[in-house]
Amino acid sequence: MKNTIIDPVTVEVIGSALSSIVEEMGEALIRASYSTNIKERRDCSTALFDLAGNTLCQAEHIPMHLGSFLGLIPHIMKRHPIQTMRPGDVFCGNDAYEGGGTHLPDIVLAEPVFVDGEMTFWAVNLAHHADFADRGHAHIYQEGLRIPPIHLYKAGELQTDVQELILLNCQVPRERLSDFRAQMAANRLGVERTRALCAKYGRDTVLAAGAALQDYAERKMRAGIGAIPDGTYRFADTYDCPEIDGEFDVTCAITVDGDTMHLHFDGPPQIRAGLNMTYTALLSTVYYAVKAVVDPSIPPNAGLARPLRVTAPEGTVVNCVHPAAVNGRLSLCQRVVDLIFGALAQAVPERVTAASNGACFSITFAGHQPNDNALWVYLETIGGGSGARPTKDGLDGVHVHMTNTSNLPVEALETEYPLTLLRYELVDGSGGAGQWRGGMGLRRVYRAEAPCRVRVDGARFLSAPWGLAGGEPGGKANVTLRNGAEKFAHGNGGLRAEGRIDPAAARETYRLND
């Protein structure tokens with residue numbers, strides 16, 4: 001890139017154009033997809049990166065997905081030299097250790113953008129393929145198909161053997177194929193829009209604007225950190241989930257020194273359960289939480305990370321190494337946000353909310369359709385209450401922090417799957433009391449209309465979301481299965497295993513209260 005002088009107005013215009021491109025990519029992916037998890041629940045993200053793999057812009061979808069984006073481009077370039085890449089190449093990956101991912105259902109497609117014959121940007125998107133159901137989570141090998149960064153397309157030509165290998169390892173290949181095609185369409189749109197932007201303003205001008213936007217994000221982050229009193233702020237919390245017995249402690253120490261911030265996390269050694277976090281998952285969580293407290297208006301690009309240093313001991317639940325299982329890492333990421341908020345509440349209480357529901361409550365159904373015996377898999381994440389704000393109540397029945405997906409409308413749920421939703425309501429009194437009340441949680445009651453297997457993952461069965469400034473804690477989670485279950489037990493307040501529902505014996509299945 002030449003040393004291009006660029007004025008602030010042009011930087012702002014190009015920055016807005018980049019944001020529009022990734023938002024349009026996201027809408028194309030959602031509208032073209034087939035699975036309910038993407039077309040209805042919007043469990044996907046889109047982004048543009050510069051040639052070196054620095055984030056230029058990410059659509060306002062799922063903060064957690066930045067973790068997969070952060071690692072994939074460096075892994076691609078390590079395996080595939082840039083000089084060998086051609087227009088129309090598309091790389092596919094999901095692995096948590098060799099592909100930069102954070103868990104296997106999140107499959108990323110990355111396509112290089114060539115401008116005037118030179119590789120200049122990356123168009124990237126991620127879709128959560130809700131397919132790898134009925135799995136074990138003792139280690140990564142049980143959790144699904146691991147995909148390192150490999151070619152799905154070479155110079156615009158589909159690698160059919162690669163696609164067939166992926167689809168053969170999926171339980172609902174029709175959904176996967178259609179969603180892959182939607183991902184391809186989204187990236188192609190991003191490529192064309194980015195080329196058009198470069199044609200309008202010039203390649204060097206757009207590159208210079210991208211660099212200027214990252215510098216601007218860095219300046220805003222440093223200014224925001226500089227307004228926080230220097231010092232070290234510590235916070236600890238306990239974590240429980242159905243996959244483990246009892247609880248364990250996780251801790252955070254945040255040191256503010258001038259315009260820089262060092263965040264150090266610790267927890268027990270990684271465990272034989274699917275809740276371990278990779279380092280990129282930890283980074284994406286930190287970037288979201290610090291941005292939310294320091295200055296929510298900071299552009300979501302790589303510049304905001306420059307004043308931050310993030311450390312955690314390798315081989316722990318907050319920075320796991322191969323072959324730790326990671327499928328449910330998002331639930332622990334939610335607790336890491338609470339840790340950061342709890343620590344910074346000691347320094348800037350006027351900017352921080354009390355603890356939100358502190359979990360990612362997910363429920364997975366899998367079975368065969370009564371009419372044609374076709375296999376179906378349905379994943380849903382359940383929202384909850386958000387923490388009370390310094391001058392307002394918390395929000396009722398929402399997804400918080402690292403999730404941000406939507407719920408599946410009742411009409412779509414009952415049309416696509418042999419399930420009936422009997423109740424969907426706020427849980428009165430579940431928000432912590434205080435001058436400002438915490439948000440109320442959600443209750444959903446399902447009835448299975450055909451035999452199916454069910455898995456429920458979540459947290460906060462044993463510990464409650466904490467309040468601030470004397471506010472009371474919120475309610476705890478609860479899962480109830482009524483009749484017809486196998487392999488269920490309610491030890492220590494949590495659901496300990498998976499189960500099967502037979503509608504001939506059970507007419508009411510689950511109540512979730514978070």
Side-chain angles (χ1 to χ4, degrees), residues 58 60-67 70 102-103 221 224 228 233-241 249-254 261 263-267 275-296 298 300 304-305 308 310-312 317-319 328-349 351-362 381-390 394-395 398-405 432 438-439 441 458-460 463-468 473-474 477 514:
Q58 181 184 5
E60 294 183 356
H61 292 156
I62 315 297
M64 183 71 252
H65 291 166
L66 177 61
L70 287 173
T102 61
H103 78 162
M221 178 61 81
I228 299 174
Y233 308 98
R234 306 178 192 277
F235 197 79
D237 204 348
T238 59
Y239 182 86
D240 68 89
C241 83
D249 294 331
V250 282
T251 63
C252 174
I254 300 178
M261 182 182 291
L263 301 96
H264 181 75
F265 300 88
D266 206 351
L275 55 87
N276 302 286
M277 297 169 55
T278 62
Y279 184 63
T280 53
L282 178 62
L283 287 179
S284 61
T285 305
V286 168
Y287 297 161
Y288 158 79
V290 173
K291 177 180 181 293
V293 174
V294 170
D295 184 352
I298 297 174
L304 67 84
L308 306 177
V310 183
T311 57
V317 294
V318 290
N319 183 13
R329 85 285 184 236
L330 187 53
S331 193
L332 188 56
C333 290
Q334 296 281 66
R335 195 59 51 85
V336 168
V337 175
D338 283 345
L339 290 177
I340 295 170
F341 282 16
L344 291 179
Q346 302 164 42
V348 283
R351 301 189 193 177
V352 177
T353 68
S356 295
N357 55 63
C360 177
F361 236 103
S362 66
T381 54
I382 311 298
S386 69
R389 294 167 284 183
L395 299 174
V398 294
H399 283 264
V400 299
H401 301 320
M402 303 304 293
T403 53
N404 201 37
T405 52
R460 290 292 193 197
S463 63
W466 40 264
L468 285 176
D514 189 7

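In this text, all values refer to a predicted model and were calculated from it rather than measured experimentally.
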Query raised in the report: With sequence neighbours left out, what residues match Ser386 under side chain to side chain donor-acceptor pair (under 3.5 Å)?
Result: none
Report summary line: One should read off an interatomic distance between Ile382 CD1 and Ser362 OG, to the nearest 0.5 angstrom, of 8.5 Å
Requested in this report: Starting at CG of Leu468, measure out to CZ of Arg389 and round the result to the nearest 0.5 Å.
Outcome: 14.0 Å
Report task. Verify, without hydrogens or angle tests, whether Ser284 (side chain) and Ala281 (backbone) share a donor-acceptor contact under 3.5 angstrom. Result -> yes
Requested in this report: Using side-chain contact (heavy atoms from CB on, under 4.5 Å) as the criterion, list what pairs up with Arg351, not counting sequence neighbours.
Outcome: Ala227, Ile228, Val293, Val348
Query raised in the report: Does a side-chain heavy-atom distance below 4.5 Å link Tyr239 with Asp338?
Result: no
Query raised in the report: Looking at residues at least two apart in the chain, or sitting in another chain, which of them share a salt bridge (charged side-chain N to carboxylate O under 4.0 Å, His left out) with Arg335?
Result: none
**Report entry** Point-to-point distance, once rounded to the nearest 0.5 Å, from CG of Asn404 to OH of Tyr288
**Finding:** 8.5 Å
Report summary line: For Thr278, the side chain to side chain donor-acceptor pair (under 3.5 Å) test, sequence neighbours excluded, returns Thr280
Report task. Could you list the residues that satisfy side-chain contact (heavy atoms from CB on, under 4.5 Å) with His264, not counting sequence neighbours? Result -> His262, Thr311, Pro313
Requested in this report: State which residues pass salt bridge (charged side-chain N to carboxylate O under 4.0 Å, His left out) with Asp295; sequence neighbours excluded, sorted by chain then number.
Outcome: Lys220
Report task. Indicate yes or no for a side-chain donor-acceptor contact from Ser356 to the backbone of Gly387 under 3.5 Å, with no hydrogens or angles considered. Result -> yes
Report summary line: Contacts of Tyr287 meeting side chain to side chain donor-acceptor pair (under 3.5 Å) (sequence neighbours excluded), chain-then-number -> none
Query raised in the report: Taking only residues two or more places apart in sequence or in another chain, which ones pass ring-ring contact (aromatic ring centres under 6.0 Å, His included) with His103?
Result: His128
Query - Pairing residues for Phe341 by the ring-ring contact (aromatic ring centres under 6.0 Å, His included) criterion, not counting sequence neighbours - result: His401
Report task. List in chain and number order the residues that pass side chain to side chain donor-acceptor pair (under 3.5 Å) with Asp237, two or more places apart in sequence or in another chain; answer none if no residue qualifies. Result -> Arg460, Trp466
Report task. Could I get the full list of side-chain contact (heavy atoms from CB on, under 4.5 Å) partners for Thr403, not counting sequence neighbours? Result -> Leu330, Gln334, Cys360, His399
**Report entry** Partner residues of Asp240 under the side-chain contact (heavy atoms from CB on, under 4.5 Å) criterion, sequence neighbours left out
**Finding:** Glu247, Phe461, Leu462, Ser463
Query raised in the report: In Å and rounded to the nearest 0.5 Å, what is the CD1 to CG distance from Ile254 to Leu263?
Result: 4.5 Å
